[in-house]
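Written out below as C-alpha cells is the structure these notes cover.
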Amino acid sequence: MKLTVLGNNGPYPAAGSACSGYLLQSGTTNVLIDCGNGVLSNMQKIISIDKLDAVILTHLHSDHVSDMYVLKYAIQLRRKRGLYDKLLRVYAPAEPSEEYERLDVKDAFELGAITDDTQLAIGDIKFSFLRMKHPYTDYAVSAECAGKSSFTRETRPGPTGWSLSQRARIC
Ligand SMILES: [Zn+2]
C-alpha cells in the first residue's frame, strides 16, 4: 500500500503547487482521494488516467473537486476514441445537491453517494467513512488493505472560525 500526496494546498494553490489530492495504490489498484486544482497533472507523473479505478471525494468544496471538471474531458475523449470502454467510478457526499449534480456526467462518471454507512471495496482496498465537522458534508476516509493501512482527513473549528488540518498516514 502506497500513499502519495499529489497536493495539499487550500483553498487555492500556491505557485507551482496543487490543492488536495492523494493517490492510494495497492497491487494493481489505484484510487484517487480528492481532486483539487493541479492534482490531475501531478497524478499523471505517476500513473496514466486509464489506470485509475475510482475517485473518492471527501467533500465538494472546489479546492477538493475542481480538477474533476477537466478529468471528465479526459474520460469523454478516451471513450470517443475507443481507448476507454467504461465509466470512471466516483464517490462523493450528495450535498450540496447542486455540486453533486455537477459531477453526474453520464458519459464519463458512474457517480455514487457516500453516506455514514457506506463501505466500499475497490480492488483489494476496503474503504469506510466517518463524518467530520465542516461547512459542507465531509468525510474522513479509512482505507484498509490486509489490515495495514489507513488514511484520515480532519477538520476542526479554530479561533478565527473554521481551520483545516489534513493528515495522511500509513500504519
Ligand atoms: Zn472544505
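These numbers were taken from a predicted model, which means no experiment stands behind them. Both ligands and their constituent atoms are indexed starting at 1 by order of listing. Residue numbers run from 1 in the order of the sequence given.
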Practice problem: Output yes when Arg79 and Asp107 qualify as a salt bridge under the 4.0 Å nitrogen-oxygen rule, no when they do not. | Solution: no
Quiz item: Can Arg102 and Asp104 be counted as an ion pair, charged N to O under 4.0 angstrom?
Solution: no
Quiz item: Quick check: does His64 have an N/O/S atom under 2.8 Å of the Zn ion (ligand 1)?
Solution: no
Self-check item: Among the N, O or S atoms of His59, the one nearest the Zn ion (ligand 1)
Solution: NE2
Practice problem: Mind telling me whether Phe129 and Phe127 have parallel, tilted or perpendicular rings, with 30° and 60° as the class edges? | Solution: parallel
Quiz item: Hey, is the main chain of Ala113 close enough, under 3.5 Å, to the side chain of Tyr100 for a donor-acceptor pair?
Solution: yes
Quiz item: Where the Zn ion (ligand 1) is the corner point, what angle links NE2 of His134 with ND1 of His61, to 10°?
Solution: 100°
